[in-house]
Amino acid sequence: MSTIEATLKTDNQKIANQYLEKVYNATEQRNPHEPEFLQAVNEIVDSLAPVLAHHPQYMESGILERLLEPEKVISFRVPWVDDQGEIQVNRGYRVQFNSALGPYKGGLRFHPTVNQSIVKFLGFEQIFKNSLTGQPIGGGKGGSDFNPKGKSDMEMMRFCQSFMTELYKHIGPETDVPAGDVGVSAKEIGYMFGQYKKLRGAFEAGVLTGKGLEYGGSLARTEATGYGLVYFVREMLKDKGLDFKGHTVIVSGSGNVSIYAMEKAAEYGAKVVACSDSDGCIYDENGIDLDTVKELKETGDERISSYIDKHPNAQYLEDCSNIWSIPCDIALPCATQNEIDEETAKTLLDNGVKAVGEGANMPSTQEALNLFVENNVLYGPAKAANAGGVAVSALEMAQNGSKLMWTFDEVDEKLKGIMKNIYQNSMQAASDYGSPGNLVVGANIAGFLKVADAMKAQGVI
Ligand code: NDP
């Protein structure tokens with residue numbers, strides 16, 4: 001490189017850094033009470049300096065300023081009547097973040113912690129994740145502060161119907177296509193689909209994904225996020241001459257993502273020794289018996305502590321964060337955001353963790369993430385590693401549109417291909433922009449470039 005080129009590069013880098021700082025500060029000022037959203041923004045902004053230094057046109061067309069402001073934020077009242085005849089009121093949200101690549105796409109979360117910051121962080125991440133899948137889908141997310149725990153079936157149905165009575169005005173197969181997330185499984189999707197159908201007076205299968213197989217769902221959608229995560233981590237391991245076989249794995253949570261991550265990791269020869277729920281975790285040194293976990297969590301509505309009743313040799317540890325003190329080679333956080341902080345990351349490193357693959361969205365704090373990267377742990381960030389769920393949701397939309405139904409193996413093969421592509425594209429972007437092997441930077445850049453080009457092509461809207 002000539003001296004002039006080198007100087008120019010340094011100058012461009014400086015300009016890009018100053019610009020990013022300015023954009024981040026403005027975002028912070030505009031969204032002062034949204035820490036999770038700002039955390040997600042910070043991670044992206046941190047990765048983009050080399051891209052903007054090489055392509056100043058993205059700064060000139062204000063791509064980032066526009067990307068950071070959702071196209072639409074909808075917040076609404078959800079009144080419903082409980083089994084005692086009392087009126088309850090919750091708050092519903094839908095954040096339609098970015099439609100440059102296709103209809104808004106992203107799940108609905110029902111959990112008491114849901115607020116605008118959480119929905120915006122999830123919706124923001126979804127833009128890049130959906131872009132990485134290569135499917136024609138934009139980014140969105142929604143949910144409610146409703147707590148599904150302990151609710152009867154009829155209460156769930158009444159809540160879902162009331163939620164959809166407002167949401168249906170804003171969604172549609174070509175507009176916005178929600179799916180499930182924490183607290184929203186095929187049962188809730190069914191209640192919401194029924195209400196949408198009644199209000200619209202039409203059977204529009206492509207309006208929601210994660211549907212039951214009888215009315216437009218896709219085979220392998222239930223398994224997709226957990227399986228996809230393991231396919232992604234397998235690619236990371238393979239590049240280093242490693243494999244799941246013979247390795248000890250810990251998977252936090254015991255919901256949809258965790259269960260199918262455990263299933264696929266075990267199928268690939270790993271020993272999965274621990275999982276958790278929000279109360280505590282179980283450690284079974286002989287390997288978790290997944291049939292018991294499925295019985296407790298998929299068919300029943302029980303606590304993970306009941307695992308011990310069937311497996312008295314296993315241990316139950318109160319406080320779910322204890323799961324990360326158990327030594328493992330591969331850690332798959334699949335429960336919730338920020339479950340791995342700096343201290344936890346240090347413990348994992350002290351215990352010799354080789355790889356971390358994020359099934360949950362943003363399960364590592366920025367400090368934890370930095371520690372993993374600095375210590376050369378193989379690290380699969382959520383945007384890339386858990387994109388299998390939304391990828392198969394897009395395949396569900398494709399099946400709905402063509403009125404076809406693919407076999408389990410067909411969908412699973414496509415999922416494997418998509419996860420491999422995400423891995424390769426992220427690795428390529430990391431090395432193209434000066435951070436070889438860094439999948440955090442690579443996934444952020446690869447996801448960003450496609451959306452940025454589409455936004456630029458569509459003008460200032
Ligand atoms: P589920 O509702 O099916 O399961 C969540 C699980 O996590 C439950 O076992 C829950 O326990 C547990 N949990 C919640 N908080 C904690 C905690 N602090 N410590 C330990 N366990 C906890 O949700 P999903 O499996 O669908 O989602 C899990 C994560 O994966 C979320 O971050 C979600 O956004 C992400 N994700 C999900 C996708 C999907 O397709 N479902 C797609 C991409 C990402 P309890 O029963 O006690 O609440």
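Position 1 is the first residue of the sequence; numbering continues from there. Order of listing sets the numbers, starting from 1, for every ligand and every atom in it.
No N or O atom of Asn386 sits closer than 3.5 Å to an N or O atom of ligand 1. Ligand 1 has no N or O atom lying under 3.5 Å from any N or O atom of Thr336, backbone or side chain. Between Lys129 and ligand 1, no N or O atom pair is found at a separation short of 3.5 Å. Polar contact check, Gln337 against ligand 1: no nitrogen or oxygen pair lies under 3.5 Å apart.
The shortest contact between atom 3 (O) of ligand 1 and any protein heavy atom is with Asn256 N, 3.0 Å. From the protein, the heavy atom lying nearest to atom 24 (P) of ligand 1 is Val257 CG2, 3.8 Å. Gly255 N, 3.8 Å is the protein heavy atom nearest to atom 6 (C) of ligand 1. Annotation: atom 20 (C) of ligand 1 to nearest protein heavy atom, Asp277 O, 3.3 Å.
Every heavy atom of His111 sits 4.0 Å or more from the atoms of ligand 1. Using a non-hydrogen distance threshold of 4.0 Å, Gly180 does not register as a contact of ligand 1. Residue-ligand proximity: Met362 is placed with every non-hydrogen atom at 4.0 Å or more from ligand 1.
Here the shortest heavy-atom distance to atom 12 (C) of ligand 1, taken over Gly253, Gly226, Ala387, Ser252, belongs to Gly253. When the heavy atoms of Val182, Leu296, Val293, Thr225 are ranked by distance to atom 31 (C) of ligand 1, first place goes to Val182. Nearest-residue assignment for atom 47 (O) of ligand 1 (options Ala360, Gly388, Ser278; heavy-atom criterion): Ser278.
The aromatic rings of Phe37 and Phe97 sit tilted, their planes meeting at an angle between 30° and 60°. Aromatic ring pairs are classed by plane angle as parallel below 30°, tilted from 30° to 60° and perpendicular above 60°; the pair Tyr196 and Tyr168 is perpendicular.
Close approach of ligand 1 to Gly359 (heavy-atom distance below 4.0 Å) involves ligand atoms 30 (O), 35 (C), 36 (N), 44 (C). Shown in contact with Gly183 at under 4.0 Å from a heavy atom are these atoms of ligand 1, numbered in order with element: 2 (O). Heavy-atom contacts of Cys320 reach the following atoms of ligand 1: 17 (C), 18 (N), 19 (N), 20 (C) (cutoff under 4.0 Å).
The shortest side-chain heavy-atom distance between Ile250 and Val273 falls under the 4.5 Å cut-off. Taking 4.5 Å as the limit, some side-chain heavy atom of Met397 sits within range of a side-chain heavy atom of Lys105.
Counting only residues at least two apart or in different chains, ring-ring contact (aromatic ring centres under 6.0 Å, His included) contacts with residues 308-350 comprise Tyr307-His311.
Applying the side chain to side chain donor-acceptor pair (under 3.5 Å) test to Thr222 and every residue at least two apart in sequence or in another chain returns nothing.
Not one N or O on the side chain of Asp83 forms a donor-acceptor pair closer than 3.5 Å with the backbone of Met154. A donor-acceptor pair is defined here as one N or O able to donate and one able to accept, closer than 3.5 Å; no such pair exists between the side chain of Asn31 and the backbone of Glu34. The backbone N or O of Ser276 sits less than 3.5 Å from a side-chain atom of Ser254, completing a donor-acceptor pair.
Of all the heavy atoms of Cys334, the ones lying under 4.0 Å from any atom of ligand 1 belong exclusively to the backbone. Using a 4.0 Å cut-off between heavy atoms, Lys149 contacts ligand 1 through its side chain alone, with no backbone atom that close. Contacts between Arg221 and ligand 1, counted as non-hydrogen atom pairs separated by less than 4.0 Å, involve the side chain only.
Here Phe146 and Phe163 keep their ring centres 6.0 angstrom or further from each other.
The pair Asp329-Lys354 counts as a salt bridge, with a side-chain nitrogen and a carboxylate oxygen less than 4.0 angstrom apart.
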